[in-house]
There are 2 protein chains.
Amino acid sequence: MRENILEAAVQLFAEYGYHAAPLRDIARLAGIQAASIYHHYPNKQSLLVEIMETHMKRLNSQLESILRKYDDPRERLRESIANHIRLHTTYKAEFFIIDTELRSLEEEPRARIIALRDEYDNLLQGLLYDGMERGIFRQSDTKVTTYAIIAMCTQVSSWFRSGGRLSVQQVIEIYYQMISQGLLLHPEGAHTQEEVARTLPPSSALGD
Amino acid sequence: MRENILEAAVQLFAEYGYHAAPLRDIARLAGIQAASIYHHYPNKQSLLVEIMETHMKRLNSQLESILRKYDDPRERLRESIANHIRLHTTYKAEFFIIDTELRSLEEEPRARIIALRDEYDNLLQGLLYDGMERGIFRQSDTKVTTYAIIAMCTQVSSWFRSGGRLSVQQVIEIYYQMISQGLLLHPEGAHTQEEVARTLPPSSALGD
DNA sequence: GTCTATACTGCGATAGAC
DNA sequence: GTCTATCGCAGTATAGAC
């Protein structure tokens with residue numbers, strides 16, 4: 001029953017948002033009365049916390065295992081993107097909630113979830129930094145680049161439909177191409193490294 | 001006063017979410033009583049609708065003017081990204097609301113706002129398609145690529161702080177580099193499309 | 001155009017029987 | 001472990017004076 005309640009909560013939180021999803025509706029979807037939920041969970045907030053915590057921890061632990069398994073930055077990047085997209089399409093609703101309901105968390109649980117998210121950010125940022133150090137990735141602001149990658153891969157959970165036009169694997173391919181190669185086909189003249197360097201603000205201007 | 005009320009609503013919708021922001025608090029922030037809001041707006045929903053509609057229309061009209069002004073896909077892309085990021089940092093809270101409160105719209109206004117968003121998507125998708133046709137952009141799925149670009153540029157509104165480490169212009173540079181060139185420094189040998197395909201692990205090896 | 005007062009509704013949560 | 005009944009409160013919105 002605990003599981004039924006949680007699934008119902010996932011569905012309604014994702015569809016209407018935490019505050020707009022009445023406990024009575026969650027109960028009805030789980031096939032019980034609202035009061036019965038309190039036998040399994042202390043309150044509404046705890047449903048949200050459990051959904052977020054479970055999936056953020058899974059996301060982190062899988063990324064950690066990828067970083068242990070691979071050394072080459074390209075493989076690490078590819079596998080990290082694949083992992084992110086696979087989880088965000090498999091647990092579409094759950095990650096959509098993580099992405100949109102942080103504001104609905106009370107103070108202490110929010111701090112915990114944000115810490116998990118920061119951990120994830122940092123692992124990816126480390127991956128990029130290492131790849132730049134080793135001359136495999138272009139020099140760029142690791143923080144902003146990390147945010148950008150996470151943002152684009154995360155949003156997959158808002159438009160992906162399984163059984164739709166594209167398979168998960170195709171989406172992963174498209175994203176990896178986009179992230180690793182960018183859009184321009186022939187970077188031509190103005191795009192050798194020195195010239196790029198001249199085009200960019202000096203890195204000192206980007207420093208903290 | 002209309003303007004004060006709207007500003008208060010923007011601030012509280014962005015901070016707590018539409019459903020979690022009581023009209024009484026919006027009124028207090030605007031320096032009046034809750035009931036007085038109803039002299040200016042018919043209900044709470046209309047505040048949300050006005051915020052979203054105003055800014056989505058602005059975003060669209062500026063993109064249209066860029067597409068009229070420039071012909072080269074590279075310039076169009078760069079200016080479109082710059083426009084997107086500039087608006088999303090200038091009207092940070094407003095676009096954050098557009099991004100997170102679509103669910104809170106009632107049916108008819110939601111259809112209108114989604115139509116505006118689709119219009120924007122389509123203009124960008126057309127830009128990419130044209131660039132690919134003309135051999136300037138890499139061939140890729142225009143829909144997914146458009147979503148990816150919009151997602152990364154939109155999220156700027158959730159972390160950007162004016163007066164922070166990076167200026168708007170620097171953020172635009174970083175994003176344009178990322179989108180146009182990607183992360184890999186030396187795609188080595190793998191610059192052409194066929195070679196890229198050969199360099200990557202065979203898609204079968206990536207199966208779910 | 002803003003106020004005070006209040007109607008009305010629906011929410012999360014609790015009590016206590018079974 | 002689930003139910004019925006209900007409490008207490010907070011929410012949007014309205015009425016009507018000034």
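Values below: all heavy atoms of this structure, side chains included; hydrogens, waters and symmetry mates excluded. Order of the sequence lines sets the chain letters (A, B, ...), proteins ahead of strands, with each chain counted from 1.
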Under-4.0 Å salt bridge between A:R78 and A:D72: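 Looking at A:R78 and A:D72, the cut-off is not met.
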Anything under 3.5 Å between a donor and an acceptor, one on a side chain of residues 48-57 of chain B, the other on a protein residue two or more places apart or in another chain? List them.
| unit_1 | atom_1 | unit_2 | atom_2 | d |
| --- | --- | --- | --- | --- |
| B:E50 | OE1 | B:R2 | NH2 | 2.4 |
| B:E50 | OE2 | B:R2 | NH2 | 2.9 |
| B:E50 | OE2 | B:Y41 | OH | 3.4 |
| B:E53 | OE2 | B:R112 | NE | 2.7 |
| B:T54 | OG1 | B:E50 | O | 2.7 |
| B:H55 | ND1 | B:I51 | O | 3.1 |

Set of residues satisfying side-chain hydrogen bond (donor to acceptor under 3.5 Å, both in side chains) with respect to A:S104, sequence neighbours excluded: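 Only A:E101 meet the side-chain hydrogen bond (donor to acceptor under 3.5 Å, both in side chains) criterion with A:S104.
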message: Rounded to whole Å, please give me the gap between CG in A:L12 and P in C:dC11.
response: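 Rounded to the whole Å, the gap is 12 Å.
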- line: Expected string for nucleotides 1-13 of chain D under the B/S/- scheme (protein heavy atoms, under 4.0 Å, primed atoms plus P, OP1, OP2 as sugar-phosphate) is BBBB-B----BBB
- prompt: Testing B:Y176, B:Y175, B:Y120 for ring pair (Phe, Tyr, Trp, His ring centres under 6.0 Å) with B:H84, which one passes?
  reply: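 Testing each of B:Y176, B:Y175, B:Y120 against B:H84, the sole residue satisfying ring pair (Phe, Tyr, Trp, His ring centres under 6.0 Å) is B:Y120.
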- prompt: Can you tell me if B:Y18 uses its side chain to pair, donor with acceptor, with the backbone of B:Q45 under 3.5 Å?
  reply: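 Side chain of B:Y18 to backbone of B:Q45: a pair is present.
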